[in-house]
*Asks:* 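Got a structure for you, questions after.
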Amino acid sequence: MKLGYPCINRGIGCTANSTFRLASYSEERLIQKVENNLDCLFQILQYNVQNGFYFFRISSDLVPFASHPVCTVDWASHFRGQFRKIGEFIQEHNIRISMHPDQFVVINAQKDDVVERSVKELEYHCTVLDEMALNSTAKIQIHVGGVYGDKRSAINRFVERYSSLSKSLKSRLVIENDDRSYSLKDCLSVHQKIGIPILFDAFHHQCLNNGETLRQGLQHSGTTWKKSDGIPMIDYSSQQRGQRSGSHAKTLNIALFKKFLLETKGLDFDLMLEIKDKEASAFKALKILRKHQNGKESM
DNA sequence: AGTTGTCAAGCTAGT
DNA sequence: ACTAGCTTGACAACT
């Protein structure tokens with residue numbers, strides 16, 4: 001099992017998701033930001049390897065405005081060297097990589113312009129991973145999208161639009177069960193139609209499910225990953241007390257995490273910790289995980 | 001230097 | 001009608 005945290009490192013003093021306002025867009029500004037973000041991404045990955053974190057989610061803000069019409073810079077060519085260097089480091093150290101485009105990506109939307117922007121945004125994510133020369137185990141995770149009062153049609157739209165995406169994009173795209181609209185069961189019905197792997201979000205499953213236990217959910221979603229997709233990825237979080245249902249914990253709840261490890265014993269997956277304090281919780285989780293695994297091995 | 005309104009984009013549910 | 005939340009606050013104008 002590889003363990004990781006998303007997008008931001010709070011300790012090393014640089015960010016790989018630095019952006020700026022559209023109103024102050026210029027080519028120079030863009031290039032300066034991307035250069036900074038790539039530099040920092042490399043630093044974060046080095047830090048992660050030193051500390052035992054072999055799973056990382058790259059921020060969607062790595063290249064600000066990449067899919068916006070204002071951006072006419074050929075950033076992929078311009079930064080090819082840096083992308084390759086990072087990609088080589090990732091492969092050399094066997095780091096697992098994911099990306100998670102934000103909520104504006106809705107490929108089953110009813111409006112054509114929303115779909116068009118969504119596809120462009122997905123292509124941007126795909127280009128980043130392609131430029132790093134990563135194989136199809138590097139994934140782009142999205143939700144199925146909106147429901148619009150008719151889930152069946154909404155799923156059919158997803159299936160239809162998926163089929164028209166590029167080959168590279170299709171090989172990287174995975175769907176994640178969400179906490180309000182598309183449960184694991186819904187995702188499985190999409191999977192049955194097009195074979196897309198399901199990234200199991202354990203916390204979302206707790207919020208929205210059809211009676212499957214955590215272990216059953218994990219096992220079932222795990223079967224949707226082919227060899228070329230790599231080890232199944234999953235998202236983990238827990239409820240922040242006092243916040244509304246679905247909001248992520250500020251820091252890792254140790255008791256709940258231990259319980260999670262016991263319930264999922266023997267299953268293999270790469271674990272993304274969606275916890276607000278990032279690597280601080282990842283350190284705690286790694287310590288618990290190692291103890292847990294040693295305990296198992298010593299039997 | 002510190003504070004604060006605002007930021008490309010969508011959808012859902014709660015108020 | 002408006003807002004919080006989503007994977008994540010950070011930018012940038014103003015005091």
Side-chain angles (χ1 to χ4, degrees), chain A residues 4-10 13-26 29-30 32-33 36-37 40-41 44 55-71 97-125 139-151 154 157-158 161 174-183 186 199 201-204 207-208 233-240 242-250 271-282:
Chain A
Y5 57 94
C7 307
I8 292 169
N9 178 297
R10 299 204 186 276
C14 76
T15 61
N17 61 331
S18 178
T19 183
F20 55 93
R21 299 293 168 83
L22 179 59
S24 54
Y25 181 92
S26 71
R29 192 87 191 258
L30 179 82
Q32 174 238 320
K33 283 292 179 189
N36 165 80
N37 287 345
C40 182
L41 174 60
I44 293 174
F55 187 15
F56 190 67
R57 181 182 296 165
I58 297 174
S59 168
S60 295
D61 286 329
L62 188 70
V63 183
F65 305 106
S67 72
H68 190 281
V70 76
C71 176
I97 294 292
S98 69
M99 296 186 83
H100 193 342
D102 64 27
Q103 61 271 34
F104 309 108
V105 170
V106 185
I107 70 170
N108 75 350
Q110 294 180 310
K111 295 182 195 160
D112 289 343
D113 57 327
V114 175
V115 179
E116 199 180 315
R117 282 196 295 272
S118 297
V119 172
K120 282 207 169 76
E121 180 72 357
L122 287 176
E123 282 169 354
Y124 146 60
H125 285 76
K139 294 302 188 189
I140 299 168
Q141 62 185 97
I142 58 172
H143 296 289
V144 178
V147 177
Y148 312 94
D150 180 356
K151 195 178 273 182
R157 276 201 306 282
F158 184 95
R161 305 238 166 92
V174 301
I175 48 173
E176 175 192 344
N177 57 305
D178 65 72
D179 60 338
R180 316 202 151 239
S181 304
Y182 290 91
S183 66
D186 295 325
L199 190 154
D201 187 311
F203 181 44
H204 288 167
C207 302
L208 177 71
M233 292 175 174
I234 77 163
D235 284 351
Y236 175 87
S237 189
S238 60
Q239 178 66 36
Q240 174 61 39
Q243 300 290 112
R244 74 169 218 179
S245 168
S247 83
H248 289 179
K250 288 192 175 68
L271 183 68
M272 180 57 65
L273 286 172
E274 292 185 331
I275 310 275
K276 305 247 187 210
D277 66 0
K278 305 293 179 186
E279 81 276 9
S281 280

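Protein chains get the first letters and strands the later ones, always in sequence-line order, with residue 1 at the start of each.
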*Asks:* Counting heavy atoms from C-beta on, name the nucleotide in C:dT8, B:dA9, C:dC11 closest to the side chain of A:Ser18.
*Replies:*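 Given the options C:dT8, B:dA9, C:dC11, the side chain of A:Ser18 is closest to C:dC11.
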*Asks:* From the list B:dT12, B:dA9, C:dT7, which nucleotide is the closest neighbour of the side chain of A:Cys7?
*Replies:* C:dT7
*Asks:* Could you check how far NE2 of A:His204 sits from P of C:dG5, rounded to whole Å?
*Replies:*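 After rounding, the reported distance stands at 14 Å.
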*Asks:* Rounding to a whole Å, what distance do you find between A:Leu199:CG and C:dT7:P?
*Replies:*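 A:Leu199 atom CG is separated from C:dT7 atom P by 11 Å.
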*Asks:* Hey, which of these two, A:Lys33 or A:Asn17, hits DNA chain C nearer its 5' end, going by closest nucleotide?
*Replies:* A:Asn17
*Asks:* Starting from C1' on C:dT7, measure out to CD1 on A:Ile140 and report it in whole angstrom.
*Replies:*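 My rounded result for the distance is 15 Å.
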*Asks:* Looking at every strand, decide which applies to A:Gln103 at a 4.0 Å heavy-atom threshold: base, sugar-phosphate, or nothing.
*Replies:* base
*Asks:* Whole Å only: how far is the CZ atom of A:Arg157 from the P atom of B:dG10?
*Replies:*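 Rounded to whole Å, this separation is 15 Å.
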*Asks:* So which nucleotide does C:dT8 pair with, by the Watson-Crick or G-U wobble rule with both distances under 3.5 Å?
*Replies:*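 By the stated definition (distances under 3.5 Å), nothing pairs with C:dT8.
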*Asks:* Measure up the A:Phe56 and A:Tyr5 rings against each other and bin them: parallel (under 30°), tilted (30 to 60°), perpendicular (over 60°).
*Replies:*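 Judged by the thresholds at 30° and 60°, the geometry between A:Phe56 and A:Tyr5 is perpendicular.
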*Asks:* Could you please name the partner base of B:dA9, counting Watson-Crick and G-U wobble pairs only when both distances are under 3.5 Å?
*Replies:* none
*Asks:* For atom C1', what is the distance between C:dT7 and C:dA12, given to the nearest Å?
*Replies:*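 Comparing C1' positions in C:dT7 and C:dA12 gives a spacing of 24 Å.
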*Asks:* Would you say A:Ser24 reaches C:dA12's phosphate, i.e. side-chain N/O to OP1/OP2 under 4.0 Å?
*Replies:*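 Checking C:dA12 against A:Ser24, a side-chain N or O does come within under 4.0 Å of OP1 or OP2.
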*Asks:* Does the ring of A:Phe104 meet both stacking tests against the six-membered base ring of B:dG10: centre distance under 5.5 Å and plane angle under 30°?
*Replies:* no
*Asks:* From B:dG10, C:dA12, C:dT7, pick the nucleotide closest to the side chain of A:Arg29?
*Replies:* C:dA12
*Asks:* For the side chain of A:Ser67, starting at C-beta, report the closest nucleotide among B:dA9, C:dC11, C:dT7.
*Replies:*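 Of B:dA9, C:dC11, C:dT7, B:dA9 is nearest to the side chain of A:Ser67.
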*Asks:* Under 4.0 Å between a side-chain N or O of A:His100 and OP1 or OP2 of C:dT8?
*Replies:*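 Answer is no, no contact under 4.0 Å.
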*Asks:* C:dC6 P sits how many Å from A:Ile175 CD1, rounded?
*Replies:*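 For the pair A:Ile175 CD1 and C:dC6 P, the rounded distance is 21 Å.
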*Asks:* Once you apply a heavy-atom cut-off of 4.0 Å, does A:Ser118 come out as touching a base, just sugar-phosphate, or nothing?
*Replies:*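 No contact at all - A:Ser118 keeps every heavy atom at 4.0 Å or more from the nucleic acid.
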*Asks:* As an exercise, state the distance from OG1 of A:Thr19 to NZ of A:Lys33, rounded to the nearest 0.5 Å.
*Replies:*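 Here the rounded value is 7.5 Å.
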*Asks:* Determine whether a donor-acceptor pair (N or O, by modelled atom type, separation under 3.5 Å) exists between the side chain of A:Asp178 and the backbone of A:Ser181.
*Replies:* yes
*Asks:* Any side-chain N or O of A:Thr15 below 4.0 angstrom from OP1/OP2 of C:dA10?
*Replies:*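 So the side-chain polar atoms of A:Thr15 never come under 4.0 Å of the phosphate oxygens OP1 or OP2 of C:dA10.
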*Asks:* Kindly give the heavy-atom pair with the smallest separation between A:Tyr124 and A:Val63, and that separation in Å.
*Replies:* OH-N, 3.1 Å
*Asks:* Using the P atom in both, what is the distance from C:dG9 to B:dG10, to the nearest Å?
*Replies:* 22 Å
*Asks:* Grab the two heavy atoms, one from A:Asn108 and one from A:Gly146, that are nearest each other, plus how far apart they are.
*Replies:*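 So the minimum-distance heavy-atom pair works out to ND2-O, 3.0 Å.
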*Asks:* When all nucleic acid strands are considered with a 4.0 Å heavy-atom cut-off, which category describes A:Phe65: base, sugar-phosphate, or nothing?
*Replies:* base
*Asks:* Do A:Asp235 and A:Arg57 meet the salt-bridge criterion of a basic N to acidic O distance under 4.0 Å?
*Replies:*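 Salt bridge between A:Arg57 and A:Asp235, a charged N being under 4.0 Å from a carboxylate O: yes.
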*Asks:* Contact class for A:Glu121 vs. all strands (heavy atom < 4.0 Å): base, sugar-phosphate, or nothing?
*Replies:*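 Result for A:Glu121 = base.
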*Asks:* Grab the CZ-C1' distance between A:Arg180 and C:dA4 for me, whole Å please.
*Replies:*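 To the nearest whole Å, that distance equals 9 Å.
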*Asks:* So what does A:Pro101 touch, heavy atoms closer than 4.0 Å: a base, only the sugar-phosphate, or nothing?
*Replies:* base
*Asks:* Hydrogens and angles aside, do A:Glu121 and A:Ser67 bring a side-chain donor and acceptor to less than 3.5 Å of each other?
*Replies:* yes
*Asks:* NA contact type, A:Val105, heavy-atom cut-off 4.0 Å: base, sugar-phosphate, or nothing?
*Replies:* nothing
*Asks:* Between C:dC2 and B:dC7, how many Å separate the two P atoms, rounded to a whole number?
*Replies:*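 Each nucleotide's P atom is 16 Å from the other's.
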*Asks:* Consider the side chain of A:Lys278, meaning its heavy atoms from C-beta on, and name the nucleotide among C:dT8, B:dA8, C:dT7 that approaches it most closely.
*Replies:*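 For the A:Lys278 side chain, the nearest candidate turns out to be C:dT8.
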*Asks:* What is the separation between atom CZ on A:Phe56 and atom C1' on C:dT8, rounded to the nearest whole Å?
*Replies:*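 Going from CZ in A:Phe56 over to C1' in C:dT8 covers 11 Å.
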*Asks:* Closest approach to the side chain of A:Arg21, judged atom by atom: which nucleotide of C:dC11, C:dT8, B:dG10 is it?
*Replies:* C:dC11
*Asks:* Does a side-chain N or O from A:His125 land closer than 4.0 Å to OP1 or OP2 of C:dT7, or not?
*Replies:* no
*Asks:* Starting at atom CG of A:Leu22, determine the distance to atom P of C:dC11, rounded to an integer number of angstrom.
*Replies:* 15 Å
*Asks:* Say you pick atom C1' in B:dA9 and the same atom in C:dC6; how far apart are they, in whole Å?
*Replies:*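 Result for the C1' pair: 14 Å, nearest Å.
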*Asks:* Can you tell me which nucleotide in C:dT7, B:dG10, C:dT8 comes closest to the side chain of A:Val114?
*Replies:*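 The answer is B:dG10, which lies nearest to the side chain.
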*Asks:* Which word best sums up how the rings of A:His143 and A:His204 line up, parallel for under 30°, tilted for 30 to 60°, or perpendicular for over 60°?
*Replies:*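 Aromatic pair A:His143/A:His204 classed tilted.
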*Asks:* Say we look at B:dG5 and C:dT3: how far apart would their C1' atoms be, to the nearest angstrom?
*Replies:* 16 Å
